[in-house]
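Following: one structure in structure tokens, then a few remarks.
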Amino acid sequence: MKIFKEKNYDKMSERAAHIIAAEVISNPKCLLGLATGSTPEGLYAKLVEWCDQGIVDFSKVRTVNLDEYKGLPKENDQSYYYFMNDKLFSHVNIDKKNTHLPDGTIEDADAACKKYDEVMEEQGEIAIQLLGLGHNGHIGFNEPSNGFSVGTNCVELQASTIEANKRFFEKEEDVPRFAYTMGIGSIMKAKKILLVANGEGKAEILHSALTGPVTPKVPASILQLHPNVVVVADEAAMKYFK
Ligand code: F6R
């Protein structure tokens with residue numbers, strides 16, 4: 001595992017964006033695994049900037065996203081579909097037909113998960129999977145549980161996740177209670193994993209995920225078993241690392 005400790009959020013974003021840009025430059029048709037949330041916003045902004053400047057070309061890039069809220073229509077500004085278009089896809093020269101997220105509008109969870117697993121199967125190996133880190137150690141929306149998930153699954157969000165995500169909604173009741181997420185097994189199949197974390201609020205969980213026991217109670221701890229993980233975090237999130 002390679003760990004980059006960066007001075008602040010901006011430097012973290014720049015380093016992480018460099019890693020993704022390098023992948024796209026060396027493999028223009030690559031499949032990127034993408035994440036939403038506040039942590040990657042800065043790195044998406046850098047990629048948009050570099051695409052504008054002609055440094056990175058997304059025209060052949062394909063993407064799969066980690067997760068989507070169940071029940072939110074695509075035009076809802078809290079859907080992850082909306083987020084990805086708003087932060088990245090609409091501002092770079094990507095072909096939107098090559099971008100994929102779980103379909104949160106499918107009511108039947110089994111059908112939605114099966115459909116996304118088929119999409120992932122069809123797209124093939126993820127060259128680099130970007131991950132943020134939940135306060136409870138979740139990756140994607142794979143919440144702490146008694147076992148590691150394999151394929152796409154429908155999860156009931158835990159109270160701490162609803163609490164953390166309510167900042168994006170008008171009121172807490174508006175936060176969807178269920179989400180579709182790529183499974184841990186699929187995440188672990190990515191050729192390379194890029195975990196980003198910033199702020200003191202992530203310090204404790206980052207430390208236990210990367211140095212504590214590997215357990216489904218801390219889903220991100222499984223990353224210790226992946227052969228090619230790069231962690232990019234700011235100093236505040238790295239507080240407990242000597
Ligand atoms: C988002 C996702 C989540 C977030 C995590 C951290 O697609 O899968 O696991 O990465 O909840 O969110 P932020 O970055 O908002 O702290």
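In each ligand, atom 1 is the first atom listed, and ligand 1 is the first ligand listed.
Ionic pairing of Glu125 and Lys189 is not present here: no N-O contact between side-chain nitrogen and carboxylate oxygen is shorter than 4.0 angstrom. Remark: Glu6 does not engage Lys11 in a salt bridge, criterion side-chain N to carboxylate O under 4.0 Å. Looking at Asp174 and Lys171, a side-chain N of the basic residue comes within less than 4.0 Å of a carboxylate O on the acidic one, giving a salt bridge. Under a 4.0 Å N-O distance rule, the pair Glu204/Lys239 does not qualify as a salt bridge. Electrostatic pairing of Lys7 and Asp234 does not count as a salt bridge here, judged by no charged N lying under 4.0 Å from a carboxylate O.
The shortest N or O to N or O distance between Asn165 and ligand 1 is not under 3.5 Å. In terms of N/O distances under 3.5 Å, ligand 1 is approached by His138.
With respect to atom 16 (O) of ligand 1, the closest heavy atom belonging to the protein is Lys202 NZ, 2.7 Å. Residue, atom and distance of the protein heavy atom nearest to atom 9 (O) of ligand 1 are Gly140 O, 2.7 Å. Nearest protein heavy-atom contact of atom 10 (O) of ligand 1 is Gly132 CA, 3.2 Å. Counting only heavy atoms of the protein, atom 6 (C) of ligand 1 lies nearest to Leu133 O, 3.4 Å. In terms of protein heavy atoms, atom 1 (C) of ligand 1 is closest to Thr36 OG1, 3.1 Å. In this structure, atom 8 (O) of ligand 1 lies nearest to the protein heavy atom Asp67 OD2, 2.6 Å. For atom 14 (O) of ligand 1, the nearest non-hydrogen atom of the protein is Thr39 OG1, 2.4 Å.
Contacts of Met182 with ligand 1, taken as heavy-atom pairs under 4.0 Å, are absent altogether.
Listed by number with element, the atoms of ligand 1 under 4.0 angstrom from any heavy atom of Arg167 are 15 (O). For ligand 1, the atoms lying closer than 4.0 Å to a non-hydrogen atom of Gly37 are 14 (O), 15 (O). Each of the following atoms of ligand 1 lies closer than 4.0 Å to a heavy atom of Leu66: 8 (O).
Ligand 1 is never approached by Glu143 to a heavy-atom distance shorter than 4.0 Å. The shell of residues lying under 4.0 angstrom from ligand 1, judged by heavy atoms, excludes His135.
Leu223 CG to Asn228 CG: the interatomic distance, rounded to the nearest 0.5 Å, is 11.5 Å.
Phe89 does not carry Lys96 over the face of its six-membered ring by the limits of under 6.0 Å from the centre and within 45° of the normal.
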* To do: Mind running ring-ring contact (aromatic ring centres under 6.0 Å, His included) on Tyr116 and Tyr180 for me, showing each step along the way?
  => CA-CA 9 Å; Tyr116 200 55; Tyr180 297 133; 9.2 Å; no
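Judged purely by distance below 3.5 Å, without hydrogens or angles, the side chains of Thr36 and Lys87 never pair a donor atom with an acceptor atom.
The nearest pair of heavy atoms linking Ile126 to Met120 is CD1-CE, 4.4 Å.
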